[in-house]
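Below: one structure, written as structure tokens.
Just so it is clear: chains get the letters A, B, ... in the order the sequence lines come, proteins before strands, and each one is counted from 1.
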Protein chains: 2
Amino acid sequence: MNLSSTHQKFVIHFGEMGARWGMNRTVGQIYAVLFLSEDPLCADDLVNALGVSRSNVSMGLKELQAWQLVRLQHQPNDRREYFSTPSDMWEIVRTLVDQRKAREIDPTLTVLRELQLDGDFDSSSEYAQERIQSTTQMIELLTEWYDDMRLVDSQRLEKLLKMGAAAQKVLDFKDKVTGKGGKN
Amino acid sequence: MNLSSTHQKFVIHFGEMGARWGMNRTVGQIYAVLFLSEDPLCADDLVNALGVSRSNVSMGLKELQAWQLVRLQHQPNDRREYFSTPSDMWEIVRTLVDQRKAREIDPTLTVLRELQLDGDFDSSSEYAQERIQSTTQMIELLTEWYDDMRLVDSQRLEKLLKMGAAAQKVLDFKDKVTGKGGKN
DNA sequence: CTGTAGTTTCAGCAATTACTGAAATATACG
DNA sequence: CGTATATTTCAGTAATTGCTGAAACTACAG
């Protein structure tokens, strides 16, 4: 790696984290290099930066594309494929959450709904039924909330987040004034 | 597995998901069985339910304890250790998020802060510095928001979530009325 | 103590996942 | 076309992770 020490530490750390985030070391490192690079990079740049095989980079990039975390583009008069990461941090966060939701939450929601439709609930305990139902409801509540917040523009989102739990007080107050309003 | 078909499907699915959630199949399955069981279960109950080795169950339970997802308890006149999951769904969600935050976010925040302190930033590009800084800020914003929301009681939290993006409008309105208030 | 029931540890094996280099495929350009 | 360059696929291997049974440990009862 011919990168500065700061660069290196960052890349190595993202490699370690990549594993915990459902990718793998190389994929995490590729992402980190692209993330810190102002200009798009081609596969060979990544081979040089990371010292892994060309084919490994190819597979890694494919996976990052599946995650929609990198963008493919072309340079004029150059056949090679160049990759970059979005410059907008919110876009990156949204993609990450979307993807992990799609991989870690949505399949469960599908199964839970199936269980409640076709499940032979007679043979399963009352308690288990309740548990499955309240799990479904919890996931629905959280994902619906996220689908909703997803659409708020960055500036407002930032404001909302900074406000944090204080928002809750404003809304409590509003309830009192308007006489228990809200969607629920 | 001597469980109902609904039970079985649920357990098998959580096994598959366990892998994606940073545990592994057996750990996911153990959790699923405990989650659906009204009464606490001992290790041998889990061996019977899942058909895996006693030692595997032991290791799995150890990991679930590390995740703080199960509770150890004792029955009167029985030396065996019994395990259960909290009945409150919010408690479970909170634990899950806490744990994943601790494993997947906090270490990164630590590294990013280190990089900004001791990093030899001279040798690293301007752009990379900006990226590292805005990543730090983004993570700080999100984790501070979570730390804040964590403390809101379940009922209010549910209300807030159901309100979703609509909350934003109420707050926009409040801004206009009070003349740009809020923490920011 | 000694015996017994419960639990944990761990070495060895199994299964899965990650990585490589070589071969195959695709693409642009003369 | 043909050839040079870029990319992907894939079989084989390396590394990691998961699982088991046997042995070691623990705690309690007699």
Side-chain angles (χ1 to χ4, degrees), chain A residues 1 11-12 14-34 39-67 70-84 103-104, chain B residues 1 11-12 14-34 39-67 70-84 103-104:
Chain A
M1 282 194 236
V11 169
I12 287 170
F14 267 68
E16 281 163 14
M17 282 303 165
R20 300 195 190 181
W21 280 68
M23 305 163 183
N24 67 40
R25 195 165 50 82
T26 309
V27 173
Q29 291 188 349
I30 291 174
Y31 185 79
V33 172
L34 291 175
D39 308 309
L41 301 177
C42 71
D44 284 321
D45 295 333
L46 294 163
V47 169
N48 289 328
L50 300 173
V52 297
S53 72
R54 185 53 239 272
S55 50
N56 199 0
V57 169
S58 173
M59 293 187 293
L61 285 169
K62 221 177 114 197
E63 186 164 352
L64 284 171
Q65 284 176 282
W67 277 80
V70 297
R71 199 152 288 164
L72 168 60
Q73 53 205 192
H74 286 276
Q75 309 272 302
N77 303 324
D78 191 335
R79 274 164 58 193
R80 285 172 294 182
E81 299 184 321
Y82 284 80
F83 296 87
S84 63
R103 288 155 203 255
E104 302 175 5
Chain B
M1 284 195 233
V11 169
I12 286 169
F14 267 68
E16 281 162 14
M17 281 305 165
R20 301 194 189 184
W21 280 68
M23 307 164 181
N24 66 40
R25 195 165 50 83
T26 309
V27 173
Q29 291 188 348
I30 291 173
Y31 185 80
V33 171
L34 291 175
D39 309 308
L41 301 176
C42 71
D44 285 320
D45 296 333
L46 294 163
V47 169
N48 290 328
L50 299 173
V52 297
S53 73
R54 187 51 241 270
S55 51
N56 199 359
V57 168
S58 173
M59 293 187 293
L61 285 169
K62 220 178 116 197
E63 187 165 351
L64 284 171
Q65 284 176 283
W67 277 81
V70 297
R71 198 151 289 163
L72 167 60
Q73 53 205 192
H74 286 277
Q75 309 271 303
N77 303 323
D78 191 336
R79 275 164 57 193
R80 285 172 294 183
E81 299 184 323
Y82 283 80
F83 296 87
S84 63
R103 288 155 202 256
E104 301 175 6

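A/Tyr82 has its side chain out of reach of A/Asp39: every pair of non-hydrogen atoms, C-beta onward, lies at least 4.5 Å apart. Two residues are said to be in side-chain contact when any heavy atoms from C-beta on lie closer than 4.5 Å; B/His74 and B/Glu81 meet this criterion.
Extent of DNA chain D lying under 4.0 Å from chain A heavy atoms, first and last nucleotide in 5' to 3' order, is D/dA4 to D/dT9.
No N or O donor and acceptor, one from the side chain of A/Ser53 and one from the base of C/dG21, sit under 3.5 Å apart.
Summary of the strand contacts: A/Arg79 and A/Gln65 both lie near DNA chain D, and taking for each the nucleotide with the nearest heavy atom, the more 5' one is attributed to A/Arg79.
The side chain of B/Ser55 approaches C/dT9 more closely than any other nucleotide in the set C/dT8, C/dC19, C/dT9.
Put simply, CZ on A/Arg25 is 9 Å from C1' on C/dC19, counting in whole angstrom units. One can place CG of B/Asp78 at 8 Å from P of C/dT7, the figure rounded to the nearest angstrom. Atom CH2 of A/Trp21 is separated from atom C1' of C/dT17 by 21 Å (rounded to the nearest Å). Per the geometry, NE2 belonging to B/His74 stands 11 Å off C1' belonging to C/dG6, to the nearest Å. Between the C1' atom of C/dT7 and the CG atom of B/Leu64 lies a distance of 16 Å, rounded to the nearest Å. Atom CZ in A/Arg54 sits about 15 Å away from atom P in C/dC19, given to the nearest Å.
One N or O on the side chain of B/Arg20 and one on the backbone of A/Arg103 form a donor-acceptor pair closer than 3.5 Å. No donor-acceptor distance shorter than 3.5 angstrom exists from the side chain of B/Asn48 to the backbone of B/Asp45, with no hydrogens or angles considered.
OP1 or OP2 of C/dT9 sits under 4.0 Å from a side-chain N or O of B/Lys62.
As judged by a 4.0 angstrom heavy-atom cut-off over every strand, B/Asn56 is placed among the base-contacting residues. Backbone-only engagement by B/Arg80 is indicated by non-hydrogen atom pairs under 4.0 Å involving sugar-phosphate atoms exclusively.
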Would you be so kind as to tabulate the donor-acceptor pairs closer than 3.5 Å made by side chains of residues 56-65 of chain B, with sequence neighbours excluded?
unit_1, atom_1, unit_2, atom_2, d
B/Asn56, ND2, B/Thr26, OG1, 3.4

